[in-house]
Amino acid sequence: MQFLSLSAAASSPAAAVLPPKPFKPLSSAAPFRRPSPPPPSPSPVSSPAPPPPPHRPSPPNPLASKLWLSSKLSPPPPETLEQPEPSTHTTTSTTPPPPPPELEAEPRRQEEFRHKGKVFVGNLPLWARKAEIAEFFRQFGPLEKVELVRGHDDPERNLGFCFLYYGGDDADAAAERAVEVDGVDFRGRSLTVRLDDGRKGRARAEQRARWVDDGRRREPRSPWHEGRDEACREFRRVVESRPDNWQAVVSAFETIPKPSRREFGLMIVYYAKRGDKHHARATFESMRARGIEPNAFVFTSLVHAYAVARDMRGALSCVEEMKSEGLELTIVTYSILISGFAKINDAQSADNLFKEAKTKLSNLNGIIYSNIIHAHCQSGNMEQAEELVREMEEDGIDAPIDVYHSMMHGYTIIQNENKCLVVFERLKECGFKPSIISYGCLLNLYVKIGKVAKALSISKEMESYGIKHNNKTYSMLINGFIHLHDFANAFAIFEEMVRSGLQPDRAIYNLLIEAFCKMGNMDRAICILEKMQKERMQPSNRAFRPIIEGYAVAGDMKSALDTLDLMRRSGCVPTVMTYNALIHGLVRKHQVERAVSVLDKMSIAGITPNEHTYTIIMRGYAASGDIGKAFEYFTKIKESGLKLDVYIYETLLRACCKSGRMQSALAVTREMSFQKIPRNTFIYNILIDGWARRGDVWEAEDLMKQMKEDGVPPNIHTYTSYINACCKAGDMQRAEKVIEEMVDVGLKPNVKTYTTLIKGWARVSLPDRALKCFEEMKLAGLKPDEASYHCLVTSLLSRATVMEGSTYTGIISVCREMSENDLTVDLRTAVHWSRWLHKIERTGGALTEALQRIFPPDWNSLEFLGEPSSSISTGESDNYSDSDFSDDEDEDHNIDDS
């Protein structure tokens, strides 16, 4: 130790400037002794003394030229010092010995731990911002990072120093240029700028060495750090165990004295899962205010929050901010963005992001493929989805079960039953066990295509495998029965759900309200609404819309407007869809002018009508045959810059065809082609029905051929309209061929198809064939409706005077059947039939008795048996026109979409 202290003293600058001690000769009285051999231990003095070594100045300080203030306080030693001549009597040398190798290596070791391009800046103003510091020091070279050390208590203030990190090809040169401004004035402070001396890196290396040597990872932590770690562990425990209790999660986070990036990231992830983009952004900004720089994980979590909230514009702004920070998008970021665009049904944007990910990322996984496949399935683009599945399999990526569910959902949207079942079977072949989501896709498919009985069988199969229903599957079955107007079975499913122990949620209550409104039982609908409020369920627009529409259909506009006010008082803001429901209800009651007056109320409320609003009004004018008004609102849609879709053109075509203006209908179809809007089945049905009204079977036939060339599948309404055209033209042979073609493509004639044929046989004066067609309809398991009975009896009565045998018995049997089914005709039909009856039986008889059983109850009290009034039409009854045999029941097929 003495040697080390001596060496240190000799090597220090202060020792170098002191003069050597004068030589003291040995005392003459002391006898001369030969010096003993030196001990084995090293000694700074040896005997006999070697020649004095040349003067070796201390190693120069590499920072001496930069540390201006330090060089002034401790000046360096002179380069040369005159040494006194050694005396001839000297046996020992007073020249300081050379420093040991260990101390010579000190500066070299310090240099090894230096960070290239790192600069220390001290004496900063406490309120200095990182941007201000970076702007000042960027003039010396490319600045990669600024580490501003902030305080524990007040994160808005710093501790007065920071570290700069220069980059580029010559980071050291940039750092040296920055150090030259040491002492410069910055915001009223004289800065201390120094190069990194490697002290921090060396300390860390020594600490790691001590951990290895002593077997201890680190020294005992302070109570503050222990308390902080315990608060962090408690926060993570609350997030994992009680995620629904957001107050507990927030309180646990606020108890952390100084949250790190990890805790801030977990909090942002928690808000992201809830879709709370505002609190996620606030937490993100709080983290940055504390001087914690966000990494790719934190940015991705923030993007996730905006994506869950379906704010993709905000998500893209976060991505731009992420790129400005020099962070690249990860595969997780791309997956979240693609999933967000899939939720808003924007497959084009999702596909663009997927292509970008393929170019920037080397390897893709099954999750990102699952999200892009879901995006295309959501938009009904199943060809592209199938291509992506093929690409994923070629890349050797195993498809997760979510891909199968997405494909099933996509085939459900386009109502392709066969392919949906193929995917379901393939799911089981690949070793996956069908879950409630798998069976839910099948239930949704059969409900959408109207096969509710098949959906019930799938439900029983699901239960046989031990999979229990949830609220979602029950709501699918209830919705299916409501669409079929089978309210008894809908309520039976609801009661079964309650018996199973499930509590109704908001979606179930909304379906019950819709059912009662369709039944016309508005009081029960209001009771369900009040029950929701008692159970602290906030009613949404989905709950109020059917009530408002129900009152409008019933003609009770006062109650409809009162419900609108109740909606506002409940904290639910009316939207354009709410007013659309009100307008739709008025249009269904043929009150188009009152529906137009609702537009003024919308403008007062600050709500702009959309394309669906104008489409509903156009549909009302189309039903009344006012084609001029329909085209007027079509012009408003174009002038407002709203999107033109197939439903708007469908409404225009319906108006043209009902008014018999087929040339105008052709002009509308040409504009559809110009707007690149493809024709669907409903468009072709309307056109075929329009030509059928005019009896133009050749135009109808051309449309059928064009429909097949375009790949648009005809449905039962298409064939029925075509058969109606054949019947109007009197070409019953062609009508029978159309029936055979229907059977070949797998379509069975329905009641309207048979009714159209009966009417056709009546037109060609063949009542026997009409009666035969009626019997075929019953053999097919179909129940005749009033239109069928009316057409058949009218046909038989018109030919009863000529063909008495089978015609008489046919009329009597049909009248008996109508009487057994409690069916009666209206007064207008009774007057029409009485004219033919007077020609057949002037004095009464069995035929008169059979017909009077199905006449109105007040028929006998009226004197209509004489000459009928001139106000009564003598032709065929107008109650059942040609439009009754077309696809008019699909007139409102798009109302739910609006």
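All residue numbers refer to positions in the sequence shown, counting from 1.
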With a 4.5 Å limit on heavy-atom distance, are the side chains of [X] and [Y] in contact?
{"X": "S540", "Y": "R506", "answer": "yes"}
{"X": "F235", "Y": "P259", "answer": "no"}
{"X": "R261", "Y": "P294", "answer": "no"}
{"X": "V184", "Y": "F136", "answer": "yes"}
{"X": "E535", "Y": "P504", "answer": "no"}
{"X": "R189", "Y": "L124", "answer": "no"}
{"X": "V119", "Y": "L195", "answer": "yes"}

Quick one: does any side-chain atom of S324 pair with a main-chain N or O of E321 as donor and acceptor, under 3.5 Å?
yes
Between S241 (side chain) and R237 (backbone), is there a donor-acceptor pair under 3.5 Å?
yes
Can you name the nearest heavy-atom pair linking [X] to [Y], along with the distance?
{"X": "S475", "Y": "I508", "value": "CB-CD1, 3.6 Å"}
{"X": "P125", "Y": "N158", "value": "O-ND2, 3.2 Å"}
{"X": "G265", "Y": "V298", "value": "CA-CG2, 4.3 Å"}
{"X": "C318", "Y": "V303", "value": "CB-CG2, 3.7 Å"}
{"X": "A134", "Y": "V146", "value": "CB-CG2, 3.9 Å"}
{"X": "G340", "Y": "A307", "value": "CA-CB, 4.2 Å"}

Rounded to the nearest 0.5 Å, what separates atom [atom1] in [X] from atom [atom2] in [Y]?
{"X": "I331", "Y": "I338", "atom1": "CD1", "atom2": "CD1", "result": "9.0 Å"}
{"X": "R187", "Y": "I133", "atom1": "CZ", "atom2": "CD1", "result": "9.5 Å"}
{"X": "L126", "Y": "R157", "atom1": "CG", "atom2": "CZ", "result": "5.0 Å"}
{"X": "S190", "Y": "D182", "atom1": "OG", "atom2": "CG", "result": "7.0 Å"}
{"X": "S370", "Y": "L388", "atom1": "OG", "atom2": "CG", "result": "11.0 Å"}

What orientation do F161 and F163 show, parallel under 30°, tilted 30 to 60°, or perpendicular over 60°?
perpendicular
Please work out which of the three classes, parallel, tilted or perpendicular, describes the rings of Y165 and H115, given edges at 30° and 60°.
perpendicular
What's the verdict on side chain to side chain contact (heavy atoms under 4.5 Å, CB included) for L353 and E356, showing C-alpha distance, side-chain angles and the deciding distance?
CA-CA 5 Å; L353 281 168; E356 180 182 339; 4.1 Å; yes
Would you mind listing every side-chain hydrogen bond (donor to acceptor under 3.5 Å, both in side chains) that reaches into residues 262-273, with sequence neighbours excluded?
R236-E263, S260-E263
Within 6.0 angstrom of [X] [atom1], more than 12 heavy atoms from elsewhere:
{"X": "E285", "atom1": "CD", "result": "yes"}
{"X": "L361", "atom1": "CG", "result": "yes"}
{"X": "D398", "atom1": "CG", "result": "no"}
{"X": "Q533", "atom1": "CD", "result": "yes"}
{"X": "K358", "atom1": "NZ", "result": "no"}
{"X": "K472", "atom1": "NZ", "result": "no"}

Taking 4.0 angstrom as the limit, do E230 and R233 come out as a salt bridge?
yes
Under 6.0 Å from the ring centre and within 45 degrees of the ring axis: does the NZ or CZ of K531 meet both conditions for the six-membered ring of Y509?
no
For side chain to side chain contact (heavy atoms under 4.5 Å, CB included), just list the numbers for R274 and H279, CA-CA rounded to whole Å, side-chain angles, deciding distance to a tenth of an Å, and then say yes or no.
CA-CA 10 Å; R274 296 170 60 88; H279 282 92; over 6 Å; no
Side-chain H-bond candidate by donor/acceptor type, N470 with T473, under 3.5 Å
yes
If we count only N and O atoms by modelled type, under 3.5 Å, do the side chains of T283 and S286 hold a donor and an acceptor together?
no
Chi angles and distances behind the side chain to side chain contact (heavy atoms under 4.5 Å, CB included) call for N541, C572
CA-CA 7 Å; N541 282 278; C572 186; 3.6 Å; yes
Taking the six-membered ring for Trp and the single ring otherwise, decide whether the centroids of Y369 and F354 are under 6.0 Å apart.
yes
Go through it in stages, so that I can follow the logic: the residues are F432 and H405, the test is side chain to side chain contact (heavy atoms under 4.5 Å, CB included), and I'd like the CA-CA distance, side-chain angles, deciding distance and then a yes or no.
CA-CA 11 Å; F432 292 108; H405 292 159; over 6 Å; no
